[in-house]
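Reading through the C-alpha cells given below for one structure.
Computed from a predicted model, the values in this text were never measured in an experiment. So that the names make sense, note that chain A is the first sequence line, chain B the second, and so on, each numbered from 1.
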Protein chains: 2
Amino acid sequence: MARRTKAEAQETRAQILDAAEQVFYRKGVLSASLNDIASEAGVTRGAIYWHFKNKHDVFMAMADRRRLPMEALAQRGEDSNEPDPLGRLREFMVYLLQQVARDPHQRRVFEIMFQKCEFTGENEALLVRQREACREAVQGLSTTFRNAVARGQLPLNLDIGKAVTLFHSLLTGLVMYWLFDPQAFDLEACAGEYVDTYLHGLSATPFLRHSP
Amino acid sequence: MARRTKAEAQETRAQILDAAEQVFYRKGVLSASLNDIASEAGVTRGAIYWHFKNKHDVFMAMADRRRLPMEALAQRGEDSNEPDPLGRLREFMVYLLQQVARDPHQRRVFEIMFQKCEFTGENEALLVRQREACREAVQGLSTTFRNAVARGQLPLNLDIGKAVTLFHSLLTGLVMYWLFDPQAFDLEACAGEYVDTYLHGLSATPFLRHSP
DNA sequence: ATATATACATTCATCCATGTATGTATAGGG
DNA sequence: CCCTATACATACATGGATGAATGTATATAT
C-alpha cells in the first residue's frame with residue numbers, strides 16, 4: 001500500500017484516534033504501546049509517526065477530539081436575556097450526567113482520564129490545559145449564577161464562588177463515583193433528583209452566604 | 001553490607017515504602033522504575049525484590065499502609081447508643097476534608113491514586129479492593145443515617161441510599177477538585193460550610209424521599 | 001561453635017518500546 | 001507526462017526495565 005488521497009489520509013488519522021481510545025481504555029495510556037494502537041487501527045507504527053509526533057501527541061489529539069459538545073449548552077445560561085438561567089443550569093447538569101451514563105464514548109474518555117492515565121511528565125501538560133479550561137468554565141458559570149440571582153431565582157447574598165465550587169464538586173463526585181462503581185447507584189435515573197437537591201439547597205441553606 | 005537484624009530489616013522495608021510514595025508521586029506508578037525507588041531508599045533493587053514480589057506488590061503495600069485511620073472515627077456514628085450520630089457524621093466529613101488539606105502524606109497518597117496511577121492490568125485488583133472497601137463503608141454509613149433518623153435528626157422518609165450516594169459524591173468531588181486545582185478554593189477553611197450545606201439539605205430538600 | 005537461613009548487593013540475559021532511517025508507490029501539480 | 005511531495009510500510013539501532021541467578025556476610029537457632 002502506498003500513498004492515499006487526502007480524504008483517505010484523514011480517515012486513517014481518525015481510525016488511529018479511534019483505536020487509541022480503545023487501547024487506552026483497555027491497557028491504560030502508559031501501558032499501551034504504539035504497536036497496540038497501530039494493529040488495532042489496522043496500520044503500522046509508521047502511519048502513526050506520520051500523523052503524530054509520539055504517543056503523547058496521540059493522547060492529546062484524542063482528548064481534544066471528544067471535547068464536550070456541551071459547552072454550547074452550558075453557555076445558554078450566560079446570556080443575560082435568558083429568562084430562566086437556573087433552568088438552563090439544571091438542564092446542563094442533568095444532560096452531562098445522563099450523557100456519561102448513556103454515551104459509551106463519553107464514558108470511555110472520562111474513564112481514561114480518571115482511571116487509566118498518569119498525569120505526570122509530559123502528560124501533566126494535559127492537567128494544566130484542563131485546569132485552564134475548568135477556570136474558564138467557572139467564569140461562565142459565575143455569570144449564569146449572577147443572572148439567576150438577578151432574576152430572583154437565587155438569594156441575593158448567595159456566595160457564588162462557593163456555589164460554583166459545590167456545583168463542580170457535585171458533578172465530578174457523581175461521575176467519579178459512578179465510574180468507580182456503576183452498580184452503586186443508577187446515575188441516569190437519579191441525575192435529576194441529585195441536581196434538584198443541590199439547586200434547592202442553594203436557596204434553602206443558611207450557609208453559602210456572604211458575611212455582610 | 002550484609003545481613004541485618006530483623007528490626008533493621010523492617011526499617012528498610014519501611015524506607016522502601018516511603019521512597020515508593022515519593023517516587024510514585026513524582027513519576028507516576030507506571031513510570032517509576034524499581035531502580036528509582038531503590039536509589040531513593042538508599043538500597044538496591046535486590047532489597048526490593050527481597051521484600052516484595054514486584055512493583056505492583058510494592059504499590060499495594062504502600063496503599064495498604066496509609067489505610068485511613070479515619071475508620072474508627074467513621075464508626076462512632078454506627079453505635080446505636082450514640083446520642084448524636086449526625087454530629088459524628090459531620091465531624092468525620094470535616095475531618096476527612098481538612099486532613100487531606102493539611103497532611104501532606106494523605107494528600108500525596110490521594111494524589112497518587114487520583115492522578116498518578118493507571119488502574120489497569122494488575123493494578124485493577126486495587127480498584128476491586130477499593131470498591132469492596134467502599135461498599136462496606138456504605139453499609140456503615142447507612143447504619144449511621146438510620147440512627148440519625150431514629151433520633152429524629154433526619155426526616156423519616158429520607159431515602160438513605162441516595163443520601164449516602166450524595167455523601168460519597170460530595171466528599172470525592174471536593175477532594176478531587178481541590179487536588180486538581182488547589183487554588184480554586186480553600187478546602188480547609190470552607191470544609192465545614194460545604195458539609196453543613198449538604199447536611200442541612202438532607203432535612204430541607206423535598207427530594208431524596210421515599211415514594212410512598 | 002557451627003550450620004543455616006536471612007537480608008541484602010551484584011551481575012546477567014532478555015525483552016520490548018521507542019525513534020529514526022530508509023524504502024516505495026501513488027496522488028496531484030505543472 | 002513527468003516530477004515531487006505525500007502517505008504510509010519496513011528495517012534497524014538503541015536504551016532501559018524487568019526478573020532471575022548468583023554472590024556474600026552476618027544473625028540466629030541449635
Item to complete: Report the distance from atom CG of B/Asn35 to atom P of D/dT18, rounded to the nearest whole Å.
Response: 8 Å
Response to the item:
Winner on side-chain proximity to A/Thr5, out of C/dA9, D/dA7, C/dA27, is C/dA27
Discussion item. It should be established whether A/Trp50 places a side-chain nitrogen or oxygen under 4.0 Å from OP1 or OP2 of nucleotide D/dA7.
Written reply: yes
Worksheet item: What is the distance, rounded to the nearest whole Å, between atom CG of B/Leu34 and atom C1' of D/dG19?
Response: 10 Å
Worksheet entry | Atom-pair distance (CD on B/Gln15; P on C/dA7), nearest Å | 15 Å
Item to complete: Let me know the distance between OH of B/Tyr49 and P of D/dT22, rounded to the nearest Å.
Response: 17 Å
Fill in: B/Ala47, nearest nucleotide to its side chain (from D/dA7, C/dC8, C/dA17)
C/dC8
Worksheet, complete the sentence: Which of C/dT18, C/dA7, D/dG19 is nearest the side chain of A/Ser33? It is C/dT18
Worksheet item: Quick one: which of D/dT28, D/dA20, C/dT18 gets closest to the side chain of B/Arg45?
Response: D/dA20
Practice prompt. Starting at atom CZ of A/Arg13, determine the distance to atom P of D/dT6, rounded to an integer number of angstrom.
Written response: 16 Å
Worksheet item: Whole-Å distance between C/dT6 C1' and B/Gln10 CD?
Response: 13 Å
Response to the item:
Of D/dC8, D/dA9, C/dT18, the nucleotide closest to the side chain of A/Thr12 is D/dC8
Item to complete: Using atom CD of B/Glu8 as one end and atom C1' of D/dT28 as the other, report the distance to the nearest whole Å.
Response: 14 Å
Discussion item. Less than 3.5 Å apart, any donor N or O on the side chain of B/Ser33 or B/Asp36 sitting next to an acceptor on the other?
Written reply: yes
Item to complete: Could you check how far CG of B/Asp36 sits from P of D/dA17, rounded to whole Å?
Response: 6 Å
Worksheet item: What is the ring orientation for B/Phe92 with B/Phe167, classed by angle as parallel under 30°, tilted 30 to 60°, or perpendicular over 60°?
Response: parallel
Discussion item. Using OP1 and OP2 only, check whether a side-chain N or O of A/His51 sits under 4.0 Å from D/dC8.
Written reply: yes
Worksheet entry | Sidechain-backbone polar pair: A/Thr143 side chain, A/Glu78 backbone, donor-acceptor under 3.5 Å | no
Discussion item. Determine whether a donor-acceptor pair (N or O, by modelled atom type, separation under 3.5 Å) exists between the side chain of A/Thr172 and the backbone of A/Ser169.
Written reply: no
Item to complete: Before giving the answer on salt bridge (Lys or Arg N to Asp or Glu O under 4.0 Å), spell out for B/Arg108 and B/Glu111 the whole-Å C-alpha distance, their side-chain angles and the decisive distance to 0.1 Å.
Response: CA-CA 5 Å; B/Arg108 250 202 307 271; B/Glu111 218 158 335; over 6 Å; no
Item to complete: Output the single nucleotide from D/dA27, D/dT18, C/dG19 whose closest atom is nearest the side chain of B/Lys55.
Response: D/dT18
